[in-house]
Amino acid sequence: MEIILSIAIGVMTSCGVWLILRPRTYQVIIGLSLLSYAVNLFIFSTGGVKTNVPPILGEGASSSMLADPVPQALVLTAIVIGFATTALFLVVLLASRGLTGTDHVDGRGDKR
Amino acid sequence: MNGWSHHLIIAPVLIPLAAAAILLFIDERRRVAKAMVSLVSTMLLLAVAFILFEIESGPNSFEGVYLLGNWAAPFGIVLVLDGLSALMLLLTAIVGFAALVYSLARWHAMGAHFHSMFQLLLMGVNGALLTGDLFNLFVFFEVMLAASYGLLLHGSGPLRVKAGMHYIAVNLAAALLFLIGVSLIYGTAGTLNMADLAARIPDMEADRRMLMEAGAGVLGIAFLIKAGMWPLCFWLPTAYSAASAPVAGVFAILSKLGIYVILRLTMLLFDNGPSAGFGSTVLLYGGMATLIFGTIGVLASQALGRLAGFSVLVSSGTLLMVLGINDGAVSSGALLYLVSSTLTISAFFMLIELVERSQDAGANVLAVTMEAYGDADEDEPEEGEGVTMPGTMAILGTCFAMCGILLSGLPPLSGFIAKFAMLSAMMGTGAIGVPPTAAVWALIILVILSGVAALISMTRVGIRTFWTSLEGVVPRVLVIEIVPVMFLLALTLFLTVQANAAMQYMDTTIRSLSTPSLYIDAVRNAIVVPGVDSELGGGDH
């Protein structure tokens with residue numbers, strides 16, 4: 001389980017980093033989205049990877065039978081904020097496309 | 001601090017939030033109503049910040065801890081008020097107030113929702129200053145950043161959209177680094193509460209400590225991007241010079257927020273134990289590189305906006321270096337420098353727009369370099385209505401000269417006093433009778449050289465603008481545009497006159513910061529209000 005999770009995070013991070021270094025705005029935004037997915041999975045994994053255990057402390061529950069609820073709360077916040085800022089970036093990207101007529105990040109690439 | 005005044009700690013977050021929400025309901029065409037709500041909120045904020053500052057600077061100052069949702073310290077989120085955050089709150093309120101008044105002349109009508117975003121920006125900054133929880137810090141940072149994205153684009157135009165796109169991309173990446181850092185720290189230390197974290201770090205096991213330090217390093221990069229440390233700063237001069245004047249004026253506080261968080265976290269978390277002094281080498285040499293880069297930039301700038309942008313880097317570089325030295329006396333001088341340089345740069349950004357109004361866009365800039373900045377075909381805002389300032393050129397010239405004196409750190413203004421306090425403390429670092437190390441000498445030389453560079457640049461630009469101006473057109477400047485600039489500059493004058501009291505406050509602040517147990521105990525011993533069911537409050541992130 002840990003191996004699969006870490007490979008997934010690694011693959012998404014490397015794709016994301018490569019994409020945000022590309023010159024087209026669309027590639028940058030996809031790169032940022034991939035990076036934020038990777039980061040969200042990473043946050044989720046910091047509480048320890050466990051399957052089939054609830055994050056609720058009940059009567060007589062031991063810590064081995066308990067998932068850490070804090071990363072789950074954190075990842076929710078991170079997802080919401082990441083989603084909002086990506087949407088905002090998308091608007092700026094469209095405005096830039098409209099104003100410069102190109103989707104190059106510097107607004108001065110070859111016009112196709 | 002008890003009773004009603006205790007609840008004042010949360011007011012700097014609630015007031016702008018409420019104002020921003022109210023502003024959304026007012027139609028965009030009712031500009032006067034919007035401006036009034038925004039102005040009232042900012043004035044309230046100024047009053048609250050002043051009261052909190054008064055409490056903290058009084059004889060029996062202590063750390064005010066506010067338990068959100070009435071949950072005890074490590075479990076719920078806390079807001080903490082101490083000398084440093086009270087000072088920064090007051091500075092934010094002052095700069096915000098000046099920028100808002102300035103914007104009322106005409107900038108606030110240049111696009112939708114200016115006032116809402118402005119209030120949300122203030123809320124984000126105030127929250128980030130007050131919070132005592134790492135993840136909550138992230139949330140407030142994001143509130144501030146989201147508002148700043150909108151504000152940077154305010155007024156639109158190709159130049160702003162391009163600079164805004166770079167700014168947003170850089171800050172989104174920085175936010176992801178912030179998250180990685182926070183989650184690494186949580187994964188290793190098991191807490192997000194800063195005070196609890198500071199108490200746990202000295203007795204951490206070695207293998208966990210390594211991961212925790214990696215997390216702290218990643219977290220630090222996120223703040224250093226905000227503060228503009230070289231080589232993470234190339235976005236900053238472009239973004240700040242593209243922003244409209246009042247927005248750039250209030251952005252002056254944002255880079256200082258990065259410095260504030262670094263100061264707070266290094267002094268709190270890495271005070272003693274095996275991790276003591278973590279990252280100070282990076283801050284020292286990174287600060288030096290930033291200062292050198294900023295100085296070269298100041299000398300090379302042809303447009304005033306970029307000159308101001310590079311001045312932000314010079315001030316960040318100086319502060320980062322000083323944090324790297326990690327010496328009490330130097331740090332208190334640096335706090336005074338922080339206040340003085342924020343006021344100066346904020347005033348300077350707003351002044352630039354007034355000075356440049358008489359000239360063609362880029363008249364002072366070589367045609368070749370103008371092309372590199374992109375086309376200057378942005379629409380100028382229409383002339384505002386109101387009383388114009390008499391003796392415009394004399395007042396603009398005086399303000400410009402004051403900015404030059406402050407930026408280069410010449411006597412008699414507060415820039416000189418702050419630099420003098422820092423340099424004389426640097427001379428005295430180390431044991432008595434032992435001369436300062438080579439790194440400190442390099443610092444002293446760099447700080448002095450950066451002052452000379454600022455002086456050369458400001459003189460050159462001043463001569464070109466005020467003495468050899470070809471057009472000879474006097475810009476039409478309204479009273480409410482020049483008064484905020486004069487207000488900020490008058491405050492630096494006040495800081496000069498009251499330098500002794502100011503330095504005493506800074507000394508006390510740094511002394512309490514260098515005793516992290518004060519902060520830790522205050523947060524840990526904060527008492528839950530009895531008789532209130534904390535289940536109702538909820539302390540979720």
Side-chain angles (χ1 to χ4, degrees), chain A residues 9 13 16-17 20-22 25 27-29 31-49 68-82 84-108, chain B residues 74-75 134-136 138-143 145-150 152-153 156-193 211 215 218 238 371-372 374-375 377-378 539-541:
Chain A
I9 294 173
T13 310
V17 169
I20 58 169
L21 299 175
R22 302 294 299 159
T25 48
Q27 292 165 323
V28 173
I29 201 162
L32 281 170
S33 307
L34 279 180
L35 274 180
S36 78
Y37 297 152
V39 169
N40 289 342
L41 278 181
F42 181 75
I43 298 173
F44 195 69
S45 69
T46 52
V49 184
D68 190 344
V70 177
Q72 302 188 6
L74 300 189
V75 81
L76 265 180
T77 316
I79 289 171
V80 172
I81 291 178
T85 45
T86 310
L88 202 139
F89 189 47
L90 200 61
V91 175
V92 179
L93 184 158
L94 287 175
S96 165
R97 175 77 177 78
L99 282 169
T100 60
T102 164
D103 64 345
H104 193 276
V105 285
D106 290 332
R108 49 173 68 248
Chain B
F75 305 110
L134 275 183
F135 200 80
N136 196 232
F138 168 74
V139 175
F140 278 122
F141 245 72
E142 285 302 308
V143 170
L145 285 175
S148 78
Y149 301 153
L152 178 57
L153 295 169
S156 197
L159 213 59
R160 285 199 190 104
V161 171
K162 187 184 138 194
M165 201 159 68
H166 295 179
Y167 176 75
I168 297 176
V170 167
N171 278 299
L172 284 183
L176 297 176
L177 287 176
F178 196 144
L179 281 175
I180 294 175
V182 167
S183 47
L184 265 176
I185 289 178
Y186 177 76
T188 49
T191 183
L192 288 168
N193 185 293
L211 265 179
V218 174
T238 318
E371 204 168 298
D375 307 320
D377 54 352
E378 56 178 303
D540 71 330
H541 279 276

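Remark: A/P71 engages A/T46, A/D68, B/Y186 in a side-chain contact (heavy atoms from CB on, under 4.5 Å) (not counting sequence neighbours). Take A/I20 and apply the side-chain contact (heavy atoms from CB on, under 4.5 Å) test, not counting sequence neighbours, and it matches A/V28, A/L32, A/L35.
Of the residues listed (A/T100, A/L94, A/L99), the one engaging B/V161 in a side chain to side chain contact (heavy atoms under 4.5 Å, CB included) is A/L99, and it is the only one.
Contacts between A/T25 and chain B at a heavy-atom distance below 4.5 Å involve the side chain alone, from C-beta outward. With a 4.5 Å cut-off on non-hydrogen atoms, B/L153 touches chain A through its side chain but not through its backbone. Interface remark: A/I43 contributes backbone and side-chain atoms alike to the contact with chain B (heavy atom separation under 4.5 Å).
Among B/A169, B/S183, B/A175, the residue with the largest count of heavy-atom pairs under 4.5 Å with chain A is B/S183.
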Self-check item: Worked check of side-chain contact (heavy atoms from CB on, under 4.5 Å) between B/Y149 and A/T85
Solution: CA-CA 9 Å; B/Y149 301 153; A/T85 45; 4.2 Å; yes
Quiz item: Step by step, would you call B/F138 with A/L74 a side-chain contact (heavy atoms from CB on, under 4.5 Å)?
Solution: CA-CA 10 Å; B/F138 168 74; A/L74 300 189; over 6 Å; no
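For CZ of A/F44, the number of neighbouring non-hydrogen atoms (other residues, nucleotides, ligands) closer than 6.0 Å is 12 at most.
Here the closest heavy-atom approach between residue B/M165 and residue A/H104 is recorded as CE-O, 4.3 Å. In plain terms, the two heavy atoms of A/F89 and B/I168 that are nearest each other are CD1-CG2, 3.4 Å. Residue B/L179 comes nearest to A/A78 through the heavy atom pair CD1-CB, 3.8 Å, listed as atom of the first residue, atom of the second, then distance.
Residue B/L172 holds its CG atom at 11.5 Å from CD1 of A/I81, rounded to the nearest 0.5 Å.
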